[in-house]
Each structure stands twice: as C-alpha cells, then as structure tokens.
There are 2 protein chains.
Amino acid sequence: MAIQTETITEVETEVIDIFVRAAQVIGLAKSIGEIYGLLFIAEEPMSMDQIMAKLRISLGTASQGLKQLRAFKAVKAVYVPGKRKDYFTAESEFRKLMAGFFKEEVTPQLEITAERIEVLKPLLKNVSPDRARHYGSRIEKIERWQKNGLNLIDKVLKFINF
Amino acid sequence: MAIQTETITEVETEVIDIFVRAAQVIGLAKSIGEIYGLLFIAEEPMSMDQIMAKLRISLGTASQGLKQLRAFKAVKAVYVPGKRKDYFTAESEFRKLMAGFFKEEVTPQLEITAERIEVLKPLLKNVSPDRARHYGSRIEKIERWQKNGLNLIDKVLKFINF
DNA sequence: TCCAAATTTCAATAAAAAATGAAAATATTG
DNA sequence: CAATATTTTCATTTTTTATTGAAATTTGGA
C-alpha cells in the first residue's frame, strides 16, 4: 500500500495533537506543532507540498514553519535520490530538541536580561540613599537569577546527555 | 518622602521591562509581567488599586493577573494592619517561582500527554503490522520523553534547592 | 444583619499573533 | 542559459488572546 498523502489517519491525528499541545506550552504556534508531529510519525521524509496537503496549511505557513523548525534543529532536510524537492524528517533526539530550544529561545533572552541590568544600575544614582539600597538588593537578585538561569541550562543539557 | 503611587519611575520601568520579557518567554501575558515586576521592585506591599493606578491597567486585568500570579505562588497577599484592602507582595525566591511554574503549567501538560498516549495505543490494532511496528516505536519514544520530562523537573527542583 | 467597600466575573472590544497566498527570489535541469 | 519548478518573503486577512469595565458577588466592619 502506498503512503497516504492526502488523508490524515487517526494515529497521525493523535500524535499531532500531542505535539500541538507541547508546542503551545513552550509558546510556539500550533502549525509548528502540527508540522513537527506529522514528520515525527511519518515513515518516510516528506516534501513541503505533502505536508501542506496533509495538514491543509498554506504555502507560507509550511515554509515559515519548516524554517523555524530547522532553526531549532527539530527538523532537517534529507536528500532523496532522484527527487528535486526538499524532503524533511523530524529530529527525534530529546536532548537535541532541548538544546535547540534553549539555544534559540531561552539563552538569547537571558543575554538581553544581562544587558538590561547594566542599563538599570546607573539609574540608582538618581534616587535617595535609602531607596538606592533597596533597589540595589533587588537588582542583585535579578542578577543572581540571570546567572542561575544560564547555569541551570548548562546543567540540564549535561544531565540530558546522560 | 511618601511612596509614589501615581507616577512610575525610571527604575520601576526598567525592572518591569525585564519581567515583561521574562513573562513572554514562558508564554504569560504582558500584564502578568508588569504586575509581578512592579511588586518585585516595590518597597512596600501594594493594593490592587495602587497597582492599577501605577500600571494604568483595568480592574479586570489587575484582578485576573493577581489571581494567576497567586496560583503560581509568585505573589502573596499580606496583612497590613488597619487596612481593609488586600495588599500584595512578590515572592522573590527563584526556586519557589520555578516550582510554581512547573506545578501549574508544565506538569499538568505532561499528565495530559500520558493520557493521550493511552488513547493512541489501541489505535495500532487498526493498521498493518509493518506500520504498527513503526508507529509503536514512535509512541514508545513519546512515552520515554514524557517520563524524562517529569524526571527532569524533579531533578531541576532538587538542584535549585542547592 | 445591613451597608458599603472590595473583588471577581464575564460579555464586548481591542490588540497581538498566526495564517494566507500572490509576487519575488532562488534553484534545478534539459 | 532559458524555462520552469521550488521556496521564500511579506502585505493583508483571519484567528486567537488579552484587556476593559459594568454588573454580580463576596467580604468586612459597624
């Protein structure tokens, strides 16, 4: 039996459902979860138009979704002999997905936080000594969180690697 | 000098900005970050109408935002002698915030995933043996991720506790 | 217990985010 | 190096999510 390209099966629907929920927890669009879920359960690499047909999503959504998923290293393009189109498969190593997500989404944010803390510090010169003392202790707290965050990501990634 | 209740200072603005960004990373509304940030930097507990006045947000947003933040244990109501209104302060222990977030947002999702996996398994009876084998191995993978996720949360919380 | 203050709820509205699809850009092959 | 297939981009539209504020409910004090 040939692979179904047009109709979506019950199993596919259920698997996609799981990944749509997961995507939403980490703040990613539904379509990202759909595409990843479909590729995760697929038996063969799929082209963009196969993905579009099965999920009934537009060209733009498919293209941008795959782009973002590649940025996370959650999907990769694979070569399929004799085919002109690009074909995609899901990366299914938990540690790689986590690493991609941290690297793309979390770490950049922690870096922005570090920059904002530096903007904040000189502002203490403009407030009363009492208030500066209070503010200073809060800012220190944010600084510790920021460092703890980076450290924690490191530890998590090491833990996942066994 | 009395605490400024109407005007927002530069320091407050910068601190709130940091928490608004942080809220958005974990998929929470801007107003949640604003309220938390304001309480985090405040020198004294604040009432709902003080929060509304400073942030220029509506009654509904303030009430619902505080409700959600209390659910996370990110803010708590404190008793202020002689006052009728509720007064709020920010929980500033990193580990408590993390624990609240995991407990409220991540763990329930992992539990839903476990349920969905059980829905998925019996569907394999309806597909060809070859396909069932492939699907089975994928489902096992999701199952492992689900368990790893719970385990990781546990480890992270233990790590944060020192 | 009654009254007013305080808070919550929720339907309507506003704002933000995601999806669409046509046009532009890029890549492939004969 | 055309001609065409494929992919990307992005202005517009649709959908989703957050906010508002008035009405309903709850709370606390006299």
Side-chain angles (χ1 to χ4, degrees), chain A residues 5 16-17 19-39 45-72 75-89 104-105 109, chain B residues 5 16-17 19-39 45-72 75-89 104-105 109:
Chain A
T5 52
I16 290 167
D17 178 85
F19 287 104
V20 166
R21 289 169 197 277
Q24 280 167 343
V25 170
I26 59 175
L28 301 176
K30 187 183 157 199
S31 61
I32 299 287
E34 290 179 307
I35 297 169
Y36 183 84
L38 177 60
L39 293 175
M46 292 182 78
S47 67
M48 208 165 86
D49 55 342
Q50 290 177 321
I51 295 167
M52 284 166 62
K54 268 232 172 169
L55 297 175
R56 317 236 177 161
I57 58 176
S58 71
L59 190 64
T61 299
S63 175
Q64 304 218 106
L66 286 167
K67 185 184 178 181
Q68 197 174 344
L69 285 163
R70 274 184 319 232
F72 286 152
V75 313
K76 61 187 172 194
V78 295
Y79 173 65
V80 175
K83 299 286 184 173
R84 183 164 172 175
K85 288 174 187 156
D86 290 338
Y87 283 76
F88 302 95
T89 58
E104 290 296 316
E105 295 281 279
Q109 190 50 50
Chain B
T5 52
I16 290 167
D17 178 85
F19 287 103
V20 167
R21 289 169 197 277
Q24 279 167 343
V25 170
I26 57 175
L28 302 176
K30 187 183 158 200
S31 60
I32 300 286
E34 290 179 306
I35 296 169
Y36 183 83
L38 177 61
L39 293 176
M46 292 180 79
S47 67
M48 208 165 85
D49 57 339
Q50 289 175 323
I51 294 167
M52 285 166 62
K54 268 231 173 169
L55 298 175
R56 317 237 177 161
I57 59 175
S58 71
L59 189 64
T61 298
S63 174
Q64 304 215 112
L66 285 167
K67 185 183 178 182
Q68 195 171 347
L69 285 163
R70 271 182 322 229
F72 286 153
V75 313
K76 60 186 173 195
V78 295
Y79 173 65
V80 175
K83 300 284 185 174
R84 181 163 173 179
K85 286 174 191 157
D86 290 338
Y87 283 76
F88 302 94
T89 59
E104 290 295 317
E105 295 282 279
Q109 190 50 51

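Quick note on labels: first sequence line is chain A, next is B, and so on, each numbered from 1.
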Q | Any A:Asp86 side-chain heavy atom under 4.5 Å of A:Met48 side chain | A | no
Q | Residue B:Ile57, side-chain atoms from C-beta onward, closest of C:dT8, D:dT6, D:dT20 | A | D:dT20
(Q) I need the OH-C1' distance between A:Tyr87 and D:dA5, as an integer number of Å. (A) 12 Å
Q. Closest heavy-atom contact between A:Ile32 and A:Leu69?
A. CG2-CD2, 3.6 Å
Q) Would you find a donor on one side and an acceptor on the other, under 3.5 Å apart, between the side chain of B:Gln64 and the backbone of B:Thr61? A) no
Q. Rounded to whole angstrom units, what separation is found between the CE atom of A:Met52 and the C1' atom of C:dA19?
A. 12 Å
Q | Length of the line joining B:Leu66:CG and D:dT19:P, which is rounded to integer Å | A | 13 Å
Q.
Distance check needed: D:dA18 C1' versus B:Lys67 NZ, whole Å only.
A. 15 Å
(Q) Distance check needed: C:dT7 P versus B:Arg70 CZ, whole Å only. (A) 9 Å
Q: To the nearest Å, give me how far apart CD1 (B:Ile26) and P (D:dT17) are.
A: 17 Å
**Q.** Shortest non-hydrogen contact between B:Ala29 and B:Ala23, atoms and distance
**A.** O-CB, 4.0 Å
**Q.** Most 5' of A:Arg84 and A:Met48 on DNA chain D, judged by nearest nucleotide
**A.** A:Arg84
Q: Look only at the side chain of B:Gln24 and the backbone of B:Arg21, and say whether a donor-acceptor pair between them is shorter than 3.5 Å.
A: no
Q: Tell me which nucleotide among C:dT9, D:dT7, D:dT19 gets nearest to the side chain of B:Ser63.
A: C:dT9
Q: Take atom CG of B:Leu59 and atom P of D:dA23, then tell me their distance rounded to the nearest Å.
A: 13 Å
Q: Describe the nucleic acid contact of A:Ser31 in one word from base, sugar-phosphate, nothing, applying a heavy-atom distance below 4.0 Å.
A: sugar-phosphate
Q.
Checking contacts here: which listed nucleotide (D:dG21, C:dT20, D:dA18) is nearest the side-chain heavy atoms of A:Thr61?
A. C:dT20
Q: Report which part of the nucleic acid B:Asp86 touches: base, sugar-phosphate, or nothing (heavy-atom distance under 4.0 Å, all strands).
A: sugar-phosphate
Q. Roughly, in whole Å, what's the span from CG in A:Leu69 to P in D:dT8?
A. 13 Å
